Amino acid sequence: MYIDHKSRSSTSNQVYEELKSQILNLQLAPGTSISEKEMSEKFNVSRTPVRESFLRLSREGLLNVFPQRGTFVSLIDLNLVEEARFMREHLERAVIRLACETFPQDKLITLEMNLSMQKVCIEQQDYRKMFELDEEFHKTIFLGCQKYNIWSVIQQMNVHFNRSRMLRLATDFNWYTIYLQHKEIFEGIKEKNPDKAEKLMQEHLMLAVIDKEYLKRSYPNYFK
């Protein structure tokens with residue numbers, strides 16, 4: 001990884017973003033032990049930006065720092081997963097109803113292109129790209145309804161939920177259900193059918209509840 005050494009804040013931000021990405025992508029699995037020394041050598045930076053990054057990630061609940069024991073990637077907290085899912089379900093059900101009232105044509109085209117790329121991802125089994133496309137699909141709906149700030153607030157609570165979603169995509173490549181639900185949500189917006197679209201969105205976000213027990217059984221060491 002290339003790190004820009006022009007300023008300490010720039011370096012710290014880059015280290016933070018890279019570490020956060022590796023945790024969310026499960027390259028650094030839940031429970032993994034990491035150290036300032038190891039990461040400073042890996043990124044070829046001093047320990048200060050690494051320490052600052054560790055502090056930020058700890059505040060976000062992605063790292064646990066134990067005095068005398070070390071620093072560990074946090075386990076996925078299923079209570080926080082459910083809390084984030086609950087918030088998303090209720091906010092997205094409200095937003096999808098707005099989208100069925102009025103939605104910009106350019107954003108409809110963006111959703112359609114996103115669906116086409118999801119089909120390619122299913123063929124290529126690229127779970128990280130599929131996750132990005134899933135996020136972009138939902139984000140586009142918020143943008144089309146001029147609710148970007150609400151989407152930003154959701155992201156602040158999403159870290160544990162997103163890791164469980166990433167784990168599901170990485171371990172079960174049967175993503176066609178996700179794609180079909182997205183496609184039907186898109187059709188609901190096009191048809192301006194708020195009841196249909198809201199019901200589909202609720203069913204879509206309930207997948208996380210169904211997946212939760214499967215993931216906990218398959219990866220017990222990843223969960224709190």
Side-chain angles (χ1 to χ4, degrees), residues 13 17-18 20-21 24-26 60 81-170 172-212:
N13 282 333
E17 292 293 346
E18 180 62 21
K20 185 171 183 176
S21 174
L24 293 178
N25 287 337
L26 304 173
E60 292 180 18
V81 170
E82 172 52 27
E83 194 172 346
R85 188 211 63 80
F86 179 88
M87 180 180 68
R88 280 195 67 161
E89 178 193 332
H90 287 274
L91 288 174
E92 295 208 41
R93 284 169 65 184
V95 168
I96 200 69
R97 294 191 74 88
L98 291 177
C100 290
E101 292 175 13
T102 177
F103 200 74
Q105 184 63 29
D106 66 315
K107 292 294 186 286
L108 266 179
I109 293 169
T110 300
L111 289 178
E112 198 162 23
M113 290 172 61
N114 182 290
L115 288 168
S116 296
M117 290 188 287
Q118 284 184 42
K119 285 184 76 173
V120 173
C121 262
I122 290 171
E123 294 167 7
Q124 296 180 343
Q125 297 192 337
D126 184 343
Y127 72 91
R128 289 176 187 151
K129 186 63 179 176
M130 187 65 178
F131 177 84
E132 289 176 17
L133 290 169
D134 191 340
E135 282 290 276
E136 281 298 319
F137 183 88
H138 290 266
K139 181 180 176 181
T140 299
I141 297 172
F142 278 78
L143 291 176
C145 296
Q146 298 185 334
K147 295 292 181 282
Y148 177 75
N149 287 329
I150 295 176
W151 178 257
S152 297
V153 169
I154 287 173
Q155 296 313 300
Q156 294 171 23
M157 282 187 64
N158 248 2
V159 290
H160 288 270
F161 184 46
N162 283 349
R163 284 198 292 167
S164 70
R165 289 170 56 217
M166 184 72 79
L167 185 59
R168 190 265 188 203
L169 290 172
D172 178 4
F173 290 98
N174 184 21
W175 304 334
Y176 202 64
T177 300
I178 296 170
Y179 165 75
L180 282 180
Q181 287 181 336
H182 283 155
K183 189 171 185 296
E184 289 172 348
I185 289 166
F186 167 75
E187 295 295 339
I189 296 173
K190 274 183 71 177
E191 294 165 11
K192 297 185 182 295
N193 188 334
D195 292 336
K196 173 185 175 181
E198 181 185 358
K199 183 174 182 294
L200 288 165
M201 185 63 80
Q202 183 179 20
E203 290 173 357
H204 179 59
L205 289 165
M206 284 299 289
L207 278 179
V209 176
I210 298 166
D211 292 338
K212 183 170 67 175

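Counting begins at 1 with the first residue of the sequence. Quick caveat, the model's predicted, so the values are computed rather than measured. The basis for the numbers below is simple: all heavy atoms, side chains too, and nothing from hydrogens, waters or symmetry mates.
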Supply the atom-to-atom distance Asn162 CG to Arg165 CZ, rounded to the nearest 0.5 angstrom.
-> 5.0 Å

Check Ile189 against Ala99 and note the closest heavy-atom contact, atom names and distance.
-> CG2-O, 3.8 Å

Is any side-chain N of the basic residue among Lys139 and Glu135 closer than 4.0 Å to the acidic one's carboxylate O?
-> no

Listed by chain and number, what are the salt bridge (charged side-chain N to carboxylate O under 4.0 Å, His left out) partners of Glu82, not counting sequence neighbours?
-> Arg85

Residues passing the ring pair (Phe, Tyr, Trp, His ring centres under 6.0 Å) test with Tyr179, sequence neighbours excluded, are Tyr176

Let me have the donor-acceptor pairs involving side chains of residues 195-207, under 3.5 Å, with sequence neighbours excluded, atom names and distances please.
unit_1	atom_1	unit_2	atom_2	d
Asp195	OD1	Arg97	NH1	3.1
Asp195	OD1	Arg97	NH2	3.1
Lys196	NZ	Glu191	OE1	3.1
Lys196	NZ	Glu191	OE2	3.4
Glu198	OE1	Arg97	NH1	2.5
Glu198	OE2	Arg93	NE	3.0
Glu198	OE2	Arg93	NH2	3.1
Lys199	NZ	Glu203	OE2	2.6
Gln202	NE2	Glu89	OE2	3.4
His204	ND1	Gln181	OE1	2.7
His204	NE2	His138	NE2	3.2
His204	NE2	His182	NE2	3.1

How long is the gap from CD1 on Ile185 to CD1 on Ile141, to the nearest 0.5 Å?
-> 6.0 Å

Does the Asn114 side chain pair with the main chain of Leu133, one donor and one acceptor, at a distance under 3.5 Å?
-> yes

Salt bridge (charged side-chain N to carboxylate O under 4.0 Å, His left out) involving Arg163 - partner list, sequence neighbours excluded = none

Determine the minimum heavy-atom distance between Gly144 and Pro104, stating which atoms define it.
-> O-CD, 3.3 Å

Qualifying residues under salt bridge (charged side-chain N to carboxylate O under 4.0 Å, His left out), relative to Lys20, sequence neighbours excluded | Glu60

Value for CD (Gln118) from CG (Leu180), rounded to nearest 0.5 Å, stands at 10.0 Å

So do the side chains of Phe131 and Arg168 get within less than 4.5 Å of each other, counting heavy atoms only?
-> no

State whether the number of non-hydrogen atoms from other residues, nucleotides or ligands found under 6.0 Å of Lys192 atom NZ is greater than 12.
-> yes

Measure the spacing between CG of Leu91 and CH2 of Trp151 and express it to the nearest 0.5 Å.
-> 10.5 Å

Can you name the side-chain contact (heavy atoms from CB on, under 4.5 Å) partners of Leu167, sequence neighbours left out?
-> Leu26, Thr171, Leu215, Tyr219, Tyr222, Phe223

Using the test salt bridge (charged side-chain N to carboxylate O under 4.0 Å, His left out), find all partners of Lys129 that sit at least two apart in sequence or belong to another chain.
-> Glu132

Measuring from Asp134:CG to Cys121:SG, what's the distance to the nearest 0.5 Å?
-> 10.5 Å

Restricting to pairs with a member in residues 89-112, which pass ring-ring contact (aromatic ring centres under 6.0 Å, His included), not counting sequence neighbours?
-> Phe86-His90

Can you name the ring pair (Phe, Tyr, Trp, His ring centres under 6.0 Å) partners of Phe186, sequence neighbours left out?
-> none

What residues form a side-chain hydrogen bond (donor to acceptor under 3.5 Å, both in side chains) with Asn25, not counting sequence neighbours?
-> Ser21

Can you tell me which residue pairs pass the salt bridge (Lys or Arg N to Asp or Glu O under 4.0 Å) test with a partner in residues 146-158, sequence neighbours excluded?
-> none

Side-chain polar contacts of residues 152-161 - donor-acceptor pairs under 3.5 angstrom, sequence neighbours left out - could you list them?
unit_1	atom_1	unit_2	atom_2	d
Ser152	OG	Tyr148	O	3.3
His160	ND1	Asp77	N	3.1
His160	NE2	Gly61	O	3.4

